[in-house]
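Structure record follows, encoded as structure tokens.
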There are 2 protein chains.
Amino acid sequence: MNQSIETKEQTKSENLTAQLIEAIVSGEYSPGSKISETELARFFNVSRGPLREAMMRIEALNLVERIPHVGTRVATLSPEKLIEIYAVREALEGMAANLACKNITDQEIAGLEMLLEQHQEHIEQVDGASYFHQQGDFDFHYQIIKASRNSKLISLLCDELYHLLRMYRYQSPSTQSRPTHALNEHFQLLTAIKERDAELAEMLMRRHIKRSRELIENQLIEEGKTNDAE
Amino acid sequence: MNQSIETKEQTKSENLTAQLIEAIVSGEYSPGSKISETELARFFNVSRGPLREAMMRIEALNLVERIPHVGTRVATLSPEKLIEIYAVREALEGMAANLACKNITDQEIAGLEMLLEQHQEHIEQVDGASYFHQQGDFDFHYQIIKASRNSKLISLLCDELYHLLRMYRYQSPSTQSRPTHALNEHFQLLTAIKERDAELAEMLMRRHIKRSRELIENQLIEEGKTNDAE
DNA sequence: ATCAACCTAATTGTCGACAATCAAGGTTTT
DNA sequence: AAAACCTTGATTGTCGACAATTAGGTTGAT
């Protein structure tokens, strides 16, 4: 019932866009695989018109790659691209943390505190259940981004970059994370936000993201070594 | 001849996209004005299919605003939105300057020096010809962004944000600028880049953009005052 | 046997027509 | 007279068919 409201946005083209984004991000279509317009259109019971319109939008989000007269493929997210995204994230989320200090409400801060306490319990209970943690990680970051009150910043991060991040996570479930350290950094960050210390919050956020990036870079180096060894 | 290669991308939908972006950014279609699909399609000698596909892409760039079943309008860029964009620019271009220090070639640095010298001459000759200066301002920033070698960063700044900036410039030719100060800041920045001082370059770039933003904010306050006075 | 040219099948790009929706003006009812 | 309800005109959304282009396999020549 609720679904019938949610899924029926207004127009087929828009529904398709939302559904395809979710399907691609969640790994339902494997990266690099070809997307046949005719086939997909038949599957979703629409004509190729709306489907192509949806594809144009999704292409703009960098979730698929299109070559004229050839076809569309689900985007593949190499570790190199991911590292680029992390550099962008570092800049943008640093700014978001900075602005959040100026605009966040006390109520939102209380919400963030609750969120982190939940995460703490999760980590203590199921030591290293990284899936829950990663979802929680996203939640925390989302809240701070929203609290920046800068709609451009919000849409860039949430609508463009985070789709790609989620996509990568589904692609590479082996991705390392560091739940305990990350949680500590979240607590530090929240403290800075609570004290409305914008510069400190920005610095902590940037360091937090930079460390995640370094983890990926190290993995990449490791992979390089093993590949060389072959 | 060159043109026939440039303009004929490959497909009508893509040609349209490029042409419409240029037309909208350059103010050919005035902000807020309604765009009739039938009319535009006839004007460009295409059917509504490719035109709508182009619109979807352009909507993703935030150059037009679409309401389902109602229509499409050329985006209006309020000073408030512009200020938001400047905050994003500050973060992203700061990072770009930082990365550029690590990746720029000596040849590119020499190019930047020449560019700034040209600007200096321009300013000395035609004191306050802000159009040339603003174009030059963009050139300088573009080069640094490109030198970051981060393709995500480059596409975000050049393909998304700068279109909006150019659009605003065409909308409000009365926009104040501060050629002399800006040029000094550019020289400072270039010095930091030459010395590969990433942190300093980032800081200088951020301050440079922040000052531009403050100029806009002050204009906004002035306008507010005059409006209150009425 | 190898390479080049050609042909064919399949996919994408484009079009014109039809269906669905909205905005505006006029009509009727209270 | 004001408000609610059609009705109509125009615009957008969707569809199925056709045209253009590509990829792959086949044929032919060197």
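The sequence lines fix the lettering, A, B, ..., with proteins before strands; numbering per chain opens at 1. Values below: all heavy atoms of this structure, side chains included; hydrogens, waters and symmetry mates excluded.
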For B/T72, answer base if it contacts any base atom (sugar-phosphate contacts may also be present), sugar-phosphate if it contacts only those atoms, and nothing otherwise; contact means non-hydrogen atoms under 4.0 Å. nothing

Would you indicate what B/I35 reaches in the nucleic acid, counting non-hydrogen atoms under 4.0 angstrom: base, sugar-phosphate, or nothing? sugar-phosphate

Between B/E84 and A/S151, do the side chains contain a donor N or O and an acceptor N or O under 3.5 Å apart? yes

Would you say the side-chain atoms of A/H186 and A/D137 include a donor-acceptor pair closer than 3.5 Å? yes

Can you tell if the side chain of B/E14 reaches within under 4.5 Å of the side chain of A/P68, non-hydrogen atoms only? yes

Within a strict 4.5 Å, meaning less than it, do heavy atoms of the B/N150 and B/M95 side chains meet? no

In degrees rounded to 10°, what angle is found between the helical axes fit to the five outermost pairs at each end of the helix from C/dA1-D/dT30 to C/dT30-D/dA1? 0°

Between [atom2] of [N] and [atom1] of [X], the distance in whole Å:
{"X": "B/E14", "N": "C/dT12", "atom1": "CD", "atom2": "P", "result": "15 Å"}
{"X": "A/I67", "N": "C/dG13", "atom1": "CD1", "atom2": "C1'", "result": "16 Å"}
{"X": "B/E37", "N": "D/dT11", "atom1": "CD", "atom2": "P", "result": "11 Å"}
{"X": "A/K34", "N": "C/dA10", "atom1": "NZ", "atom2": "P", "result": "13 Å"}
{"X": "B/F44", "N": "C/dT14", "atom1": "CZ", "atom2": "P", "result": "14 Å"}
{"X": "A/E53", "N": "C/dT14", "atom1": "CD", "atom2": "P", "result": "13 Å"}
{"X": "A/L40", "N": "C/dT11", "atom1": "CG", "atom2": "P", "result": "13 Å"}

Identify all pairs in which a protein N or O lies below 3.5 Å from an N or O of nucleotides 15-25 of chain D, and state each distance.
residue: D/dC15; atom: OP1; partner: A/K12; partner atom: NZ; Å: 2.8
residue: D/dC15; atom: OP2; partner: A/S47; partner atom: N; Å: 2.7
residue: D/dC15; atom: OP2; partner: A/S47; partner atom: OG; Å: 3.3

Which one, D/dT12, D/dG13, C/dG13, comes nearest to the side chain of A/R52? C/dG13

Among C/dG13, D/dT14, C/dT12, the nucleotide that comes nearest once only the side chain of B/T11 is considered: C/dG13

With distance as the sole test, does A/R48 use its side chain to make a donor-acceptor pair with the main-chain N or O of A/T38 at under 3.5 Å? no

side-chain hydrogen bond (donor to acceptor under 3.5 Å, both in side chains) partners of A/N103, counting only residues at least two apart: none

Taking side-chain hydrogen bond (donor to acceptor under 3.5 Å, both in side chains) as the test, write out the residues that go with B/E22, two or more places apart. B/R166

B/E93 and B/R213 ion-paired at < 4.0 Å: no

Any salt bridge between B/K12 and B/E53, counting N to O under 4.0 Å? no

Between the CD1 atom in A/I85 and the CG atom in A/L161, the distance rounded to the nearest 0.5 Å is 6.0 Å

Provide a list of protein-nucleic acid N or O atom pairs under 3.5 angstrom, restricted to nucleotides 5-10 of chain D.
none

Under the ring-ring contact (aromatic ring centres under 6.0 Å, His included) test, which residues partner B/Y142, sequence neighbours left out? B/Y162

